[in-house]
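To start, the structure itself, in structure tokens.
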Amino acid sequence: MDICVHFQHTSMNHIYLMIGGNIGNRLVNLENARNSIEQRCGPIQKQSSIFETEAWGFKDQPAFYNQALCIETALGPQDLMAVLLEIELAMGRERLMPLGPRTIDLDIIYYDQTIIEVPGLTIPHPRLAERNFVLAPLVEIAPDFVHPILHKTNSALYKASKDASVVHKKTDL
């Protein structure tokens, strides 16, 4: 008996994520996050270098490792955010204070050119243009991506950033 399987083509979305953390083994935590994202959300198309950045906002904490990812997913924005929050929880993320230390932080930066503002989710990320730790890795993998509200490329946003925080590409990993 022949079995024929038909795959239904689904529209895939290109999403830019920022992953980071500053508690525990930062490198292993990023690797575990990438693996979970690939298994649960979709394949990683591009990934930036890993950047070490001083804490933003609440400064009295260890430096972060941050990385930008471009993934392809069939998940809608709210479903994707729900899965990312589940991954954070499974990796031991505790929300003890705003901008505080964390094992892992997973944020949706862009979801194609979609603009979303619903409780618990704003896309594009509302503070991305103010944060070098987001812009530096993002520029490495998507310099010409145009912010759908500000109508500027990531490169232009980074050049115009007033954030004075230090961001170093890690080359000794």
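Here, residue 1 is the first one in the sequence, and each next residue gets the next number. Please read these numbers as outputs of a predicted model, since none were measured by experiment.
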Report yes if some heavy atom in the side chain of [X] is under 4.5 Å from a heavy atom in the side chain of [Y]; otherwise report no.
X: Ile141; Y: Asn154; result: no
X: Glu38; Y: Ser36; result: no
X: Leu30; Y: Ile104; result: yes
X: Val83; Y: Cys41; result: yes
X: Met18; Y: Arg131; result: no
X: Ile115; Y: Ile149; result: yes

Task: In one Ile/Leu/Val/Met/Phe/Trp/Tyr side-chain cluster, 4.5 Å: Ile87, Val28 - done: no
Open item on the list: Taking Ile116 as the starting point, is it possible to reach Leu75 by hopping between hydrophobic residues whose side chains are less than 4.5 Å apart?
Closed with: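 Linked within one cluster.
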Open item on the list: Please report whether the ring centroid of Tyr110 lies less than 6.0 Å from that of His147.
Closed with: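 Ring centroids of His147 and Tyr110 are less than 6.0 Å from each other.
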Open item on the list: So that I know where these two stand, are Tyr16 and Phe145 an aromatic pair - ring centroids less than 6.0 Å apart?
Closed with: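 Between Tyr16 and Phe145, the centre distance is under 6.0 Å.
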For the atom pair [atom1] ([X]) and [atom2] ([Y]), what is the distance rounded to the nearest 0.5 Å?
X: Cys70; Y: Ile44; atom1: SG; atom2: CD1; value: 10.0 Å
X: Ile37; Y: Ile19; atom1: CD1; atom2: CD1; value: 5.0 Å
X: Leu80; Y: Ile71; atom1: CG; atom2: CD1; value: 5.0 Å
X: Glu54; Y: Phe64; atom1: CD; atom2: CZ; value: 11.0 Å
X: Glu72; Y: Lys46; atom1: CD; atom2: NZ; value: 12.0 Å
X: Arg127; Y: Thr122; atom1: CZ; atom2: OG1; value: 8.0 Å

Open item on the list: Can a donor-acceptor pair be found, under 3.5 Å and without considering hydrogens, that links the side chain of Ser48 to the backbone of Ala68?
Closed with: yes
Open item on the list: For His14, is there any backbone N or O sitting under 3.5 Å from a side-chain donor or acceptor partner on Asp112?
Closed with: yes
Where [X] and [Y] come nearest, the two heavy atoms and their spacing:
X: Tyr158; Y: Ala136; answer: OH-CB, 3.5 Å
X: Leu138; Y: Ile109; answer: CD2-CG2, 3.8 Å
X: Ile50; Y: Arg34; answer: CD1-NH1, 4.4 Å
X: Gln47; Y: Leu69; answer: CB-CD2, 3.5 Å
X: Met91; Y: Asn29; answer: CE-O, 3.1 Å
X: Leu150; Y: Ala129; answer: CD1-CB, 3.9 Å

Open item on the list: One pair to check against side chain to side chain contact (heavy atoms under 4.5 Å, CB included): Leu17 and Leu106. What are the steps and the verdict?
Closed with: CA-CA 7 Å; Leu17 303 176; Leu106 307 176; over 6 Å; no
Residue pair [X] / [Y], side-chain donor-acceptor N/O under 3.5 Å:
X: Ser49; Y: Gln67; answer: no
X: Asp163; Y: Ser161; answer: no
X: Glu52; Y: His168; answer: no

Open item on the list: Please check if the number of heavy atoms outside Lys170 that lie under 6.0 Å from its NZ is greater than 12.
Closed with: yes
Open item on the list: Please determine whether side chain to side chain contact (heavy atoms under 4.5 Å, CB included) holds for the pair Asn66 and Asp105, giving the CA-CA distance in whole Å, both sets of side-chain angles, and the decisive distance to 0.1 Å.
Closed with: CA-CA 9 Å; Asn66 290 297; Asp105 188 25; over 6 Å; no
- [ ] Give the C-alpha distance, both sets of side-chain angles, the deciding distance and a yes or no for side chain to side chain contact (heavy atoms under 4.5 Å, CB included) between Glu86 and Arg40.
- [x] CA-CA 10 Å; Glu86 288 171 7; Arg40 300 198 50 203; 2.3 Å; yes
TODO: Tell me, with the steps shown, if Leu121 and Ile123 meet side chain to side chain contact (heavy atoms under 4.5 Å, CB included).
DONE: CA-CA 7 Å; Leu121 184 60; Ile123 301 173; 3.8 Å; yes
